[in-house]
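Shown next, in structure tokens, is the structure this report addresses.
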Amino acid sequence: NGLCFYCESKTEPSFKDFICVDGHFSTSSNTKHFYYFEFLEASQKSSSAENPPNSARILCWIMTGPRNLESRTKHVKQTWGKHCHHILYMSSVKTDFPTVELNVSEGRENLYWKTIRALQYIHQHHQDQANWFLKADDDTFVVIENLQYILSKLDPEKPLYLGRRFKPFISQGYMSGGAGYVLSKEALRRFVEGFQTGQCTHFSTIEDMALGKCMETMKVEPVDTRDVKGRQTFHAFPLDHYVIRQLPRPRPWHMIYDYYEPNEGPNCCSDFIVSFHYIYAVQQYVLEYFTYHLRPYGYSYRFWPDEIVERDDLKHWDDTEEELGRTEKTVKDR
Amino acid sequence: MLSEGGSFMKGMVVGGVFCLVLSLLGSFSPVTESRTDGNDHHHHHVKAASKDELQQLSDSRLQELNDQLQVYCVVMVQPKSLVYWATALDTWTKHCDKAEFYTSEASKALEAIDLNEKDDWARLRKALKHAYENAGDIRWFFVAQPNTFAIIENLKYLVLTKDPEQPFYLGKAVKSGELEYVELNSGIVLSYEALKRLVNVFQEEEKCPERGRQLWKLSDDKQLAVCLKFTGVFAENGEDVHGKGLFNSKTVDSLISESMKQNPSNVVEGCCSDLAITFSGLSANQMQVMMFGVYRLRPYGHDFHDLLTFFPPEGSDND
């Protein structure tokens, strides 16, 4: 089910590592401190139809307004916004920020109208630029690479819908607006079609729930975005609402809506976080620092989603070595 | 005539004795310290090795350094800050090769080495002496308080190519008048040699008194600097290859806030090192959040090709 390589670079002596893949990596880019891998020979063993990682093209759109551009949206633009292939800032007013003008006024009661108009706008002008469409608020923080990782295993031509799944009101559940949600290309088509045919209407001002209803009506499937250990990736609150150790207790108020049984403490959250909500100015930069900059040098992380077994189970690694008949360096040299 | 010569001789003798006494007093003064190397430096720095420097070492040498480098964490706790104590125990201290908690008085809730000592400086002395005597093969010592968060792997990276048989006294180095010292709240690093010299000078009450001169009471981190100075060991600022300080006496949030004002177009790069070692003044919850932020949260697909490898501690669920 997987192929392992030991690679060394002749030109860059520090570049040497084990890489195990279950598909094939096909992009490379060297920026600052990090490297992507380039495999010149595609794996021939990959028989599944899964997309290679990084083929997901994501268009990000941010729900914002004139009042927040300076205090919130600016910081999104300077941090995680840069990791989107395309990013649009949706507002009631056109500005040089730049913002897109939707023909809708500001205010909580208009959020769903804004969403409808935004998705129609994107469908009309940008649908070919991406195969996945992420909605976020101006106080959401997103790690685009981790979203890409999840999306790389999914088919954008299928009607799919991802986010922090909530269970009330809609029988198949709906995705939290603040935690950010993603529509596949097909899901976007169906949303727009729903409004064209009247199958979907503006029946409520509660944006995320109402969109969830349209998704259900148009037979768009919600995806379970938890990692292989059952830990959440999208979050409707900041990290400290989940990761602090607690004694066993009934679900706190902020997790009452969760569709899947949530964990509290260190097992709440995947290493490969996709989002947090209620992240203002300073915290956007703090999260960027933690995600992309601050790190423990040389640390061999415990969790790897794709490898045959986890990092700290070295015995299995050695067995695999023998199976593959390799005589080169063992994993201890890693 | 003899009386005139006698006065002159008396004068000479008195003058000579006076001069001798003055010069003897002068050499006892703790303030005039002469540096043996004669360099005029107002600030010492110790920088982490660059990638190039590390690449010049052979694989086996690098592995050797990696394996030998062990850190003994000396954590100064008190029952009144039990929550911080418990949090430190549950978070960053798990990454020390040896972590000992030294308390001012025993606590029923948590185990520690009870120094039974209220005075900060006397307690620090006892703790360091105990650490020295129980070091085993460990050659690097890190002194911290429980509301400091430390990334031990980055500490190891800083001292990787430094010889612990040489005196090193590192951290966030600040000046107070003539005295340059390392702030305790951002963590103090001592090499084996520095600690050895320190423990030896503890026996010299004149130079390094246990109870301090009651007339002027220095903080424990300043007392430490004074004593070390007597042994020829000086405070040095720990920095990354770019010259950014690695030991921080503030929280990440605080430093980012400052950077937003000072470098609004380059907030994160203008703030803190990627390989920072300490942040301080954290709440217990913030320490748990940092644990996740440092040891778990990351973007998929990034690999730094570091030249060393550190493994996660056994039996830990939060890293």
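Here is the naming used below: chain letters follow the sequence lines, and residue numbers restart at 1 for every chain.
Most heavy-atom pairs under 4.5 Å with chain A, from the set I277(B), L54(B), N285(B), N266(B): that is N285(B). Ranked by heavy-atom pairs under 4.5 Å with chain B, the first of E288(A), K74(A), H75(A), R245(A) is R245(A). The candidate with the highest count of non-hydrogen atom pairs below 4.5 Å against chain A, out of S316(B), C272(B), P299(B), G293(B), is P299(B).
Closest approach of P262(A) and R164(A) over heavy atoms only: CB-NH2, 4.4 Å.
The aromatic rings of F272(A) and Y300(B) sit perpendicular to each other, their planes meeting at more than 60°, with 30° as the lower class boundary. The aromatic rings of W253(A) and H241(A) sit perpendicular to each other, their planes meeting at more than 60°, with 30° as the lower class boundary. Between F142(B) and W92(B), the ring planes lie perpendicular to each other; the angle is over 60°, past the 30° to 60° tilted range.
Aromatic rings of H254(A) and Y278(A) (six-membered ring for Trp) have centroids beyond the 6.0 Å cut-off, not under it. Annotation: F310(B) is not in aromatic contact with Y299(A) [ring centroid separation under 6.0 Å not met].
Residues satisfying the ring-ring contact (aromatic ring centres under 6.0 Å, His included) criterion with Y84(B), sequence neighbours excluded, are absent altogether. The salt bridge (Lys or Arg N to Asp or Glu O under 4.0 Å) check on R72(A) picks up D138(A), D139(A), with sequence neighbours excluded.
Looking at heavy atoms from C-beta onward, Y292(A) lies in side-chain contact with V143(A) at the 4.5 angstrom threshold. Residues I273(A) and F141(A) are not in side-chain contact: their nearest non-hydrogen atoms beyond the backbone lie 4.5 Å or more apart.
With a threshold of 4.5 angstrom between heavy atoms, F292(B) approaches chain A through side-chain atoms but not through N, CA, C or O. Only the backbone of S270(A) comes within contact range of chain B, judged by heavy atoms closer than 4.5 Å. At a 4.5 Å heavy-atom cutoff, the contact between V243(A) and chain B is made by backbone and side-chain atoms alike. There is no contact between N66(B) and chain A, counting heavy-atom distances below 4.5 Å.
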Let me see the working for R231(A) and D271(A) under side chain to side chain contact (heavy atoms under 4.5 Å, CB included), right down to the final yes or no.
CA-CA 9 Å; R231(A) 303 177 303 195; D271(A) 291 22; 3.5 Å; yes
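The cationic group of R298(B) does not satisfy the cation-pi geometry with F304(B), failing either the under 6.0 Å distance to the six-membered ring centre or the 45° limit from the ring axis.
Heavy-atom proximity under 4.5 angstrom to chain A picks out V252(B), D253(B), I256(B), S257(B), M260(B) from residues 246-262 of chain B. The interface of residues 151-162 of chain B with chain A, defined by heavy-atom distances below 4.5 Å, comprises I151(B), E153(B), N154(B), Y157(B).
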